[in-house]
Amino acid sequence: MNTDIHKLLRLKRYETPTSDYFERFLDQFNERQRSELLRQPTWNLLWERLVGVFPEFRVPNLAYAGVAAAAVVLSTFILVTQKDTAPTGPGLALNDPRPTVNVLPPGSGDIRFPVSSRSEFPPHYVLEARPVSYESPYSF
Amino acid sequence: MAETVEEQEIKDVDLVARTQAGDPRAFDDLVRKYSPRLYGLVYHMTSNHEDTNDLLQDVFAKAYRSIKGFRGKSSFYTWLHTIATNMTINFLKKRSRTYNMSLDDVDNGIHQDPDFIEMTSGPDARREVNLKELQQRLNEAMMKLSNEHRAVVTMFDIQGMPHAEIGKVLGVSEGTVRSRLFYAHRQLQNYLQEFLVN
């Protein structure tokens, strides 16, 4: 340790305010505390009173996580309920998305396409010929 | 008879418990007890009386708000010094680079201090030291240090705190405290060469 520097720096401890400063300081501190108390929002004061009445009352550590989980469950429930109660009824039958196919009477044409009438699938057509890709490359 | 450190700590524990139980007069006693010491800590880091006064008010207000959470893992003294040091360092980081130094008056006790007598008289005295000039130069030199180095110098050299206690306050190892002190002293030696006797 550099003792010369240490001795020099120790002289700084004599830089102090006058003794009455510290007496005034406490009064100033108490005054400030009181004015801060008056500036506090009402809910904060109510909360402090509540904690004062029930000193053991504390917000549990997992309370915030619990509230967040409850909010997620509630919003999911609301979404599911809305989906189930979506408008259904005869009005929708008018807009049936099934394609209409004009089927030729028997013997009136050479080409016929068997049409699937199931509504959940689009109609698909089956040709009798094998696709070219199914031919073996060595067949020629 | 002066109280021992243990007796003081027991008294602090009692005052803290009474404050936690809602007795504001107990906290007043803690303010009375620690304000001169904390004033020194903050003042020697800021070199400004007005800033020190405002900061000290904030430090005690924060301590009062947080005292219910004080569990006594460290001494109240260490806990309070930690709050004061952190708040002062944060304040200094925000304070603009240009600031006005406002120095406190030097207590008359300095004239009886053996180190001061040695420096200003006797065969080794390099120059006649003007007290005001010495104060000014010491503070200027201190303000050239980084906030962290100044904190260590204030606690060790001016306030006489042991290395281990400073480490606890700053949350660093004793080795870090020693290394910061070494570096700070080397810097200060350059700034204050003309005031050093040897």
Side-chain angles (χ1 to χ4, degrees), chain A residues 1-70, chain B residues 21-22 24 27-29 31-32 35-36 39-40 43-44 47 49 52-53 56-58 60-61 64-65 68 103-111 113-116 118-119 131 134-135 137-139 141-142 153-154 156-160 178 181-182 184-189 192 195-198:
Chain A
M1 185 180 68
N2 191 325
T3 49
D4 287 341
I5 283 288
H6 182 66
K7 282 179 184 175
L8 199 57
L9 289 168
R10 273 190 69 74
L11 295 176
K12 270 179 72 62
R13 70 185 187 276
Y14 292 103
E15 275 177 50
T16 52
T18 52
S19 56
D20 60 333
Y21 165 78
F22 293 107
E23 288 162 26
R24 285 198 315 271
F25 179 80
L26 181 61
D27 296 337
Q28 205 183 337
F29 175 71
N30 285 328
E31 203 175 301
R32 198 180 127 159
Q33 287 291 98
R34 280 195 293 272
S35 64
E36 270 183 15
L37 201 67
L38 290 174
R39 281 203 303 269
Q40 271 185 7
T42 318
W43 63 266
N44 206 353
L45 288 172
L46 285 171
W47 177 258
E48 278 187 5
R49 292 260 170 96
L50 185 73
V51 173
V53 172
F54 305 104
E56 294 307 312
F57 179 74
R58 294 275 186 280
V59 178
N61 289 339
L62 293 175
Y64 296 111
V67 168
Chain B
F27 194 74
D28 284 355
D29 287 346
V31 173
R32 261 187 221 103
S35 51
Y39 182 93
Y43 169 76
H44 294 303
S47 284
H49 172 74
T52 304
N53 186 58
L56 213 55
Q57 292 280 346
D58 292 343
F60 281 113
Y64 188 64
R65 284 197 301 271
K68 285 204 172 180
L103 304 179
D104 276 334
D105 288 335
V106 178
D107 190 282
N108 282 332
I110 194 170
H111 295 290
D113 189 285
D115 291 332
F116 183 75
E118 184 193 342
M119 193 193 307
L131 193 56
L134 172 66
Q135 188 193 8
R137 288 296 301 277
L138 274 173
N139 281 287
M142 284 284 282
V153 167
T154 300
F156 180 77
D157 291 302
I158 306 173
Q159 300 209 293
R178 285 177 193 278
L181 263 178
F182 176 78
H185 282 175
R186 210 172 52 183
Q187 269 192 294
L188 288 169
Q189 197 166 19
L192 299 166
F195 293 102
L196 297 172
V197 176
N198 299 315

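As a basis for the values below, the full set of heavy atoms in this structure was taken, side chains included, without hydrogen atoms, waters or symmetry mates. Note on naming: letters A, B, ... go to the chains in the order of the sequence lines (proteins, then strands), and numbering restarts at 1 for each one.
Contact annotation: the side chain of B:Met142 approaches that of A:Lys12 to within less than 4.5 Å [non-hydrogen atoms, C-beta and beyond].
Ring geometry, B:Phe156 versus A:His6: the interplanar angle falls from 30° to 60°, so the pair is classed tilted.
For A:Phe22, the side-chain contact (heavy atoms from CB on, under 4.5 Å) test picks out A:Pro17, B:Ser35, B:Pro36, B:Tyr39, with sequence neighbours left out.
Comparing B:Val31, B:Asn53, B:Val153, B:Leu188 by heavy-atom pairs within less than 4.5 Å of chain A, the highest count is held by B:Asn53. Taking chain A as the reference chain and counting heavy-atom pairs below 4.5 Å, the highest number among B:Ala61, B:Gly40, B:Ala141, B:Gly22 is found for B:Ala61.
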Evaluate side-chain contact (heavy atoms from CB on, under 4.5 Å) for A:Tyr21 paired with B:His49, printing each intermediate quantity in order.
CA-CA 11 Å; A:Tyr21 165 78; B:His49 172 74; 3.7 Å; yes
N/O donor to acceptor pairs below 3.5 angstrom from side-chain atoms of residues 23-30 of chain A, sequence neighbours left out:
| unit_1 | atom_1 | unit_2 | atom_2 | d |
| --- | --- | --- | --- | --- |
| A:Arg24 | NH1 | A:Asp20 | OD2 | 3.1 |
| A:Asn30 | ND2 | A:Leu26 | O | 3.4 |

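Atoms CG and CG, on B:Leu192 and A:Leu9 in that order, are 7.0 Å from each other to the nearest 0.5 Å. We find the CD1-CG distance between A:Ile5 and B:Leu138 to be 8.5 Å, quoted to the nearest 0.5 Å.
Residues B:Asp58 and A:Arg32 are paired through a salt bridge, judged by an N-O separation under 4.0 Å between the basic side chain and the carboxylate.
Checked by atom type, the side-chain pair A:Asp4/B:Gln189 shows no donor-acceptor distance below 3.5 Å. With 3.5 Å as the limit, one finds a donor-acceptor pair spanning the side chains of B:Tyr43 and A:Glu15.
Looking at B:Leu181, neither its backbone nor its side chain comes within 4.5 Å of chain A, counting heavy atoms on both sides.
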